[in-house]
Amino acid sequence: MQFEEKTISKESIYKGKIIEVEKHKVSLPNNETAYREVVKHNGAVAICALTPNQEVILVKQYRKALEQELLEIPAGKLEPGEDRESAAMRELEEETGYKAEKLTLIGEVYGTPGFSNEKISVYFADTLVEGEVNLDEDEFVEKVFYSLDDVKKAVEDRTIEDAKTLIAFHYLLLHYNHSK
């Protein structure tokens with residue numbers, strides 16, 4: 001059995017600066033029809049950055065959709081036409097003041113594929129030089145530094161709730177040589 005849902009029609013419900021919401025009428029595998037609400041997003045990047053002092057740079061920021069602060073690895077949305085690696089370099093410096101000499105792709109993930117097409121590319125960087133923080137005018141973040149022991153404890157205690165940060169922390173615990 002094929003599980004594809006063919007779009008019969010779609011309607012734009014909302015078009016904002018970051019997302020567009022569409023309502024799709026689809027044909028189901030059993031030949032019935034249903035409606036799907038789809039959030040279109042240009043994509044995002046996230047960077048797990050390890051300082052020369054062996055500390056992971058995190059940012060604490062308020063997330064309106066959750067009505068709470070979250071601790072996350074630096075991240076941000078892609079600008080139209082921007083390649084993912086350049087976006088990651090830009091976001092890291094904007095939010096933390098650090099520049100990466102090189103990035104390693106950890107992986108690409110869909111955070112909420114049930115209703116959104118947003119793909120997040122998660123990178124790792126451990127060759128950092130200090131640059132200059134340059135936050136967007138509506139962006140407010142606080143840098144927080146975690147030792148590798150803090151990372152391990154956060155995973156064990158389940159104190160990090162952000163998916164991209166958990167992916168990065170698991171990468172560190174599974175693949176990074178802690179004896180560097």
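In what follows, every heavy atom counts, from backbone to side chain, and hydrogens, waters and symmetry copies are set aside.
- In terms of heavy-atom proximity, I73 sits nearest to V122 at CD1-CG1, 4.1 Å.
- Remark: side-chain polar atoms of T51 are paired, donor with acceptor, to backbone N or O of E55 under 3.5 angstrom.
- Considering all non-hydrogen atoms of both residues, Q54 and L50 come closest at C-CD1, 3.6 Å.
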* To do: Could you check E130 against Y98 for side chain to side chain contact (heavy atoms under 4.5 Å, CB included), going step by step and ending with a plain yes or no?
  => CA-CA 4 Å; E130 293 221 34; Y98 284 87; 3.8 Å; yes

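- Within the structure, the side chain to side chain donor-acceptor pair (under 3.5 Å) test picks out the following pairs touching residues 65-80 (sequence neighbours left out): Y62-E67, R63-E72, K64-E67, Q68-E161, E72-K164.
- To the nearest 0.5 Å, atoms NE2 (H170) and CD1 (I160) are separated by 10.5 Å.
- In this structure, N117 CG and E20 CD are separated by 10.0 Å, a value rounded to the nearest 0.5 Å.
- Between the CD atom in E95 and the CD1 atom in I47 there is a gap of 7.0 Å [rounded to 0.5 Å].
- Expressed to the nearest 0.5 Å, how far NZ of K25 lies from OH of Y35 amounts to 4.5 Å.
- There is a path of hydrophobic side-chain contacts, each under 4.5 Å, that joins F169 to V109.
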* To do: Any chance you could lay out the side chain to side chain contact (heavy atoms under 4.5 Å, CB included) test for I19 and Y14, step after step, and finish with the verdict?
  => CA-CA 8 Å; I19 63 165; Y14 170 79; 4.2 Å; yes

* Asked: Does the pair V151 and L173 meet the rule for a side chain to side chain contact (heavy atoms under 4.5 Å, CB included), with working shown?
  -> CA-CA 8 Å; V151 166; L173 295 175; 4.3 Å; yes

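- Under 4.0 Å is where a charged nitrogen must lie from a carboxylate oxygen, and between E22 and R36 no such pair does.
- Across all their heavy atoms, V129 and E101 have their closest contact at CG1-OE2, 3.4 Å.
- Under a hydrophobic-cluster definition in which Ile, Leu, Val, Met, Phe, Trp and Tyr are linked whenever side-chain heavy atoms come within less than 4.5 Å, directly or via other members, Y123 and L78 are assigned to the same cluster.
- Counting all heavy atoms, side chain and backbone alike, E108 lies closest to S121 at OE2-OG, 2.7 Å.
- Looking at L28 and T33, their side chains never come closer than 4.5 Å, going by heavy atoms from C-beta outward.
- Side-chain contact, T112 with E118: no donor N or O sits under 3.5 Å from an acceptor N or O.
- Considering every non-hydrogen atom in both V56 and C48, the closest pair reads CG1-SG, 4.3 Å.
- Hydrophobic clustering (side-chain heavy atoms under 4.5 Å, transitive across Ile, Leu, Val, Met, Phe, Trp, Tyr) keeps F115 apart from Y110.
- With sequence neighbours excluded, no residue satisfies salt bridge (charged side-chain N to carboxylate O under 4.0 Å, His left out) with K40.
- Rounding to the nearest 0.5 Å gives a distance of 14.5 Å between NZ of K17 and NZ of K15.
- Looking at every heavy atom in both residues, T96 comes nearest to K143 through O-NZ, 2.9 Å.
- D157 places no side-chain N or O within 3.5 Å of a backbone atom of T159 that could act as its donor or acceptor partner.
- Hydrophobic clustering (side-chain heavy atoms under 4.5 Å, transitive across Ile, Leu, Val, Met, Phe, Trp, Tyr) keeps I57 apart from Y171.
- Not one N or O on the side chain of H24 forms a donor-acceptor pair closer than 3.5 Å with the backbone of V26.
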* Please report the C-alpha distance between L71 and V144 in whole Å, then the side-chain angles of each, then the deciding distance to 0.1 Å, and finally whether the side chain to side chain contact (heavy atoms under 4.5 Å, CB included) criterion is met. => CA-CA 8 Å; L71 199 54; V144 176; 3.8 Å; yes

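- To the nearest 0.5 Å, atoms CZ (F124) and CD1 (I167) are separated by 15.5 Å.
- Hydrophobic clustering (side-chain heavy atoms under 4.5 Å, transitive across Ile, Leu, Val, Met, Phe, Trp, Tyr) keeps L103 apart from L172.
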